[in-house]
Number of protein chains: 2
Amino acid sequence: MPNRTSVSVGRSSVRRTAPTVDVVLLTPHARRLSVLLERVEGARSKERWALPWEAMRSTETIEESAARLAREALGSSPSLVEQVAAYGDGRRHPSGATLSVAFLALVAAGAPAPVGGSTAWFAIDEIPAIAPRQKAMLDGALHAVRARLEQSPIAFRLLPATFTLSELQGIYEILLGRRLHKASFRRALHAAWLVEPTDEWRSEGRGRPAQLFRYAPRKRRSSRRGVRFEGME
Amino acid sequence: MPNRTSVSVGRSSVRRTAPTVDVVLLTPHARRLSVLLERVEGARSKERWALPWEAMRSTETIEESAARLAREALGSSPSLVEQVAAYGDGRRHPSGATLSVAFLALVAAGAPAPVGGSTAWFAIDEIPAIAPRQKAMLDGALHAVRARLEQSPIAFRLLPATFTLSELQGIYEILLGRRLHKASFRRALHAAWLVEPTDEWRSEGRGRPAQLFRYAPRKRRSSRRGVRFEGME
DNA sequence: TCAATAGTGTCTGTTAGACATTATGGA
DNA sequence: TCCATAATGTCTAACAGACACTATTGA
């Protein structure tokens, strides 16, 4: 629950609500991303959902708050917690706060649905109605994940410790929103020295079993050829 | 000046200070970026400098506050104002606030040194001591500018309406921190259809005069070849 | 004329994407 | 046996970077 207090600013007295920390927990599921929402009791027992949030505390940094909040909502620690942005617009937030800071948290595939009954995973294109500011936070988090994909190895945060190259490519395809060329994907991956094979193989349904790999970055490619003007309007 | 108020949280009473909005104004100068700092009176008349900042108001969005704050510090409107991140760590801020939101503002080259005497441009590798949180904001703003360079046409925000291709390449070199190949740069620029020539030419010192161009994006290149695993650790 | 900068044409090594082929298990 | 998926080799068009060259001004 938010802390509402009367604050004196100059000669006028305004109502101020403590800023909130909100967490967008994301995990891959069925070739889509899913987000964790909490059930909240709305007015007239109407069912409402919301991103996990809480009023900011002065006893810990916002990063610590976000990590704890994600852990509490999930039941275990996510593989990555990272700030998205502050949202200080006029959009509505469950707390009534004028300012909220959104965090993104990634959860490896195969995470069990959190027990406790009050939280559930929703595919991002099938989420129920949430407060407008939280919807903006979700959009911002998705944009941030996609933007950071080419700079940081965040795709591995959405996979268990060992995985097949097809699973890895699937994560990239989910995040990029387009299909990738298999041979090119593996060539680029090989050249980047990001993964190493294990001696395990996994058979799924028909077809040849796939070798399992693990994330094991070896060296930096400092090449960075050229200037890219792509994506510009 | 910050608003300090006594706020009741549960049974304890803590001192809370309103969050701040801080602006990192950047402009290119002499093949480097410069940042705008304001002179503030420190204790014992010691000279101190700080990024422009103010306590958050509930009467406008943080984006509006940042744009106004930048305009007031600069004397005119910057060409771009964009959020960097929220800083809610333990680092010291001039306000004493526990939370600050940093904004980045770009100013076209050739901006006059702001009159009024209390502000000045400093090359980013020669800045005086500022509060640790503001130093982190400056670093974050520089990182954000570089990260967005390949996604958005922000280089043009650091140039006047017309410019030579050598000036444009110089902006990219400042932001990327490395030299670029002239012919390749122009080829990629031509392929991206981002600029168009004017019929003006400018002669600077010796050498052949350079044609002036203006920013005029025509179409999107939706190509995006391949997956890039570069820059990963 | 020389120096300095603008702008362009050509060559070459690299690489993304297409295509084809082999490998290997399940139905 | 067929089918589905994994994994890999080869070819080609695109392109980044190097190099060389011309163009055009001021000193």
Side-chain angles (χ1 to χ4, degrees), chain A residues 30-31 149-150 159 162-173 176-214 219-232, chain B residues 30-31 149-150 159 162-173 176-214 219-232:
Chain A
R31 305 200 65 79
L149 184 63
E150 298 187 14
L159 287 171
T162 59
F163 47 84
T164 69
L165 296 190
S166 294
E167 288 171 339
L168 179 61
Q169 183 175 341
I171 296 292
Y172 273 87
E173 290 177 342
L176 295 174
R178 63 193 171 97
R179 302 302 303 269
L180 297 174
H181 190 265
K182 186 169 67 168
S184 286
F185 180 83
R186 291 174 186 220
R187 223 181 329 176
L189 190 61
H190 185 75
W193 290 91
L194 288 174
V195 299
E196 67 181 16
T198 69
D199 48 7
E200 289 180 282
W201 298 72
R202 179 193 296 161
S203 183
E204 295 187 272
R206 299 219 271 185
R208 174 174 168 179
Q211 189 167 18
L212 291 179
F213 288 75
R214 73 167 64 88
K219 55 178 168 182
R220 297 194 144 275
R221 296 187 58 209
S222 53
S223 57
R224 294 226 101 186
R225 291 173 61 188
V227 197
R228 308 218 131 199
F229 293 108
E230 300 178 4
M232 294 188 176
Chain B
R31 303 202 66 79
L149 184 63
E150 297 188 14
L159 287 172
T162 60
F163 47 85
T164 69
L165 296 189
S166 293
E167 288 172 339
L168 179 61
Q169 182 175 342
I171 296 293
Y172 273 87
E173 290 176 342
L176 295 173
R178 64 195 170 91
R179 301 302 303 268
L180 296 175
H181 189 267
K182 184 171 67 167
S184 285
F185 181 82
R186 292 173 185 221
R187 219 182 317 153
L189 188 63
H190 183 76
W193 289 91
L194 288 174
V195 299
E196 66 181 18
T198 70
D199 48 7
E200 289 181 281
W201 298 73
R202 180 193 296 159
S203 183
E204 297 185 272
R206 298 220 269 187
R208 171 173 169 178
Q211 189 168 18
L212 293 179
F213 287 76
R214 75 168 63 89
K219 55 179 171 183
R220 300 195 142 273
R221 295 187 56 212
S222 54
S223 58
R224 292 227 104 186
R225 290 175 62 189
V227 197
R228 308 217 130 197
F229 293 107
E230 299 176 6
M232 296 189 176

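Only heavy atoms go into these numbers, but all of them, side chains included; no hydrogens, no water, no symmetry mates. In what follows, every chain begins at residue 1, and chains take the letters A, B, ... in the order their sequences are listed.
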NE2 of B:His190 versus P of C:dG7: gap in Å, rounded?
-> 14 Å
In chain order, what residues pass the ring-ring contact (aromatic ring centres under 6.0 Å, His included) check against B:His190, with sequence neighbours excluded?
-> B:Trp193
Compare every heavy atom of B:Pro197 with every heavy atom of B:Gln211, then report the nearest pair and how far apart it is.
-> NE2-CB, 3.5 Å
Just the atom pairs and distances: protein N or O near nucleotides 18-21 of chain C's N or O, under 3.5 Å.
unit_1, atom_1, unit_2, atom_2, d
C:dA18, N7, A:His181, NE2, 2.8

To the nearest Å, how far apart are A:Arg186 CZ and C:dT15 P?
-> 19 Å
note: B:Arg179, atom CZ; D:dA18, atom P; distance rounded to Å ~ 12 Å
Are side-chain heavy atoms of A:Glu150 and B:Glu150 found at a separation under 4.5 Å?
-> no
Would you kindly give the CD-to-P distance between B:Glu167 and C:dG7, to the nearest whole Å?
-> 11 Å
Counting only non-hydrogen atoms, which of residues 201-209 of chain A are less than 4.0 Å from DNA chain D?
-> A:Trp201, A:Arg206, A:Gly207, A:Arg208, A:Pro209
Between D:dA16 atom P and B:Tyr172 atom OH, what is the distance in whole Å?
-> 14 Å
For B:Thr164, answer base if it contacts any base atom (sugar-phosphate contacts may also be present), sugar-phosphate if it contacts only those atoms, and nothing otherwise; contact means non-hydrogen atoms under 4.0 Å.
-> nothing
In whole angstrom, give the distance that lies between atom CG of B:Leu176 and atom P of D:dA16.
-> 14 Å
CD of A:Glu167 to CD of A:Glu204, rounded to nearest 0.5 Å, is 5.5 Å
B:Ala210 vs B:Val227, nearer the 5' end of DNA chain C by closest nucleotide = B:Ala210
Residue list, side-chain hydrogen bond (donor to acceptor under 3.5 Å, both in side chains) with B:Arg206, at least two apart or on another chain | none
Atom-to-atom span, NZ of B:Lys182 to P of D:dA18 - whole angstrom = 14 Å
Partners meeting ring-ring contact (aromatic ring centres under 6.0 Å, His included) with A:Phe185 (sequence neighbours left out) = A:Tyr172, B:Phe229
Can you tell me the distance, in whole Å, between the CG atom of B:Leu180 and the P atom of C:dG7?
-> 16 Å
Does anything in residues 189-201 of chain B pair up under salt bridge (Lys or Arg N to Asp or Glu O under 4.0 Å), and if so which pairs, sequence neighbours excluded?
-> B:Glu196-B:Arg214, B:Glu196-B:Arg218
Closest non-hydrogen contact found for B:His181 with B:Gln169 is C-NE2, 4.2 Å
Separation between CG (A:Leu180) and CG (A:Leu189), nearest 0.5 Å, reads 11.5 Å
